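The structure under discussion appears below in the form of structure tokens.
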Amino acid sequence: MRLHPVIPMVVRTLTRPATIGGHRLPAGATVGPSILLVHASPENHPDPDAFRPERFLGQNPPTNTWIPFGGGVRRCIGAGFSIMEGVAVLREVFAAVDVRTLGSDVPKVRNITSVPRDGARVRISRSASIDR
Ligand code: HEM
């Protein structure tokens, strides 16, 4: 969700003038906070290209450094449910089998979401940690 966020950016329309990134913008301007850039910033995530999910163990990421569900009053209403569902499913899957990705993880745009360009092909094998 950090390296390949489902939605690359959100969009807001300014209701009053604001200065963002040093640019003075008028009311009515459309701004697009980039989830991709926030997640790829080495200031937010050292060695940002590395897939190292354990970097989040024992601590929540600081505010506005991990925003796959957007932010503010329009943040995704399904965020809590999605996290709960993802953890429940992945816990069961990884407890039972080892999963290895096959091929590239290059994304492509599908409607407004980002999906694996060549599909999400994986190889599944019986978990070495389980005696069946
Ligand atoms: C991994 C799963 C999901 C991801 C990554 C995701 C991501 C997002 C993002 C980035 C936004 C835009 C937020 C913003 O503008 O700041 C959004 C909005 C929204 N999401 Fe999700 N979403 C997920 C699952 C769900 C689910 C399961 C539901 C419904 C049960 C849901 C319902 C909505 C709704 C209704 C909005 C619009 C909220 C508004 O504009 O006030 N999403 N989501």
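Both counts, for ligands and for their atoms, begin at 1 and track the order of listing. In this text the structure is predicted, and so the values were computed from the model without any measurement.
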Side chains of [X] and [Y] in contact at under 4.5 Å (non-hydrogen atoms):
X     : Y     : answer
Val31 : Ile20 : yes
Thr30 : Arg12 : no
Pro5  : Leu36 : yes
Pro17 : Arg24 : yes

Legend entry - Short N-O contact, Asp98 and Arg126, less than 4.0 angstrom: no
Closest non-hydrogen protein atom to [atom], residue and atom name please, with distance?
atom                    : answer
atom 34 (C) of ligand 1 : Ile77 CG1, 3.7 Å
atom 6 (C) of ligand 1  : Phe69 CD2, 3.6 Å
atom 9 (C) of ligand 1  : Ile7 CD1, 3.7 Å
atom 30 (C) of ligand 1 : Gly78 CA, 4.2 Å
atom 16 (O) of ligand 1 : Arg12 NH2, 2.6 Å
atom 7 (C) of ligand 1  : Pro68 O, 3.6 Å
atom 37 (C) of ligand 1 : Arg74 O, 4.7 Å
atom 12 (C) of ligand 1 : Val10 CG1, 3.7 Å

Legend entry - ligand 1 contact by Glu85, heavy-atom criterion under 4.0 angstrom: no
Legend entry - Nearest-option assignment for atom 18 (C) of ligand 1, heavy atoms, candidates Cys76, Ala79, Gly86, Ser82: Cys76
Legend entry - Arg117 side chain to Pro107 backbone, donor-acceptor under 3.5 Å: yes
Inset, instruction - Measure from the side-chain N and O atoms of Arg2 to the backbone N and O of Ala40, and report whether any donor-acceptor pair falls under 3.5 Å. - result: no
Inset, instruction - With rounding to the nearest 0.5 Å, note down the distance linking CG in Asn44 to CG in Asn64. - result: 9.0 Å
Legend entry - Contact (N/O only, under 3.5 Å) between Gly71 and ligand 1: yes
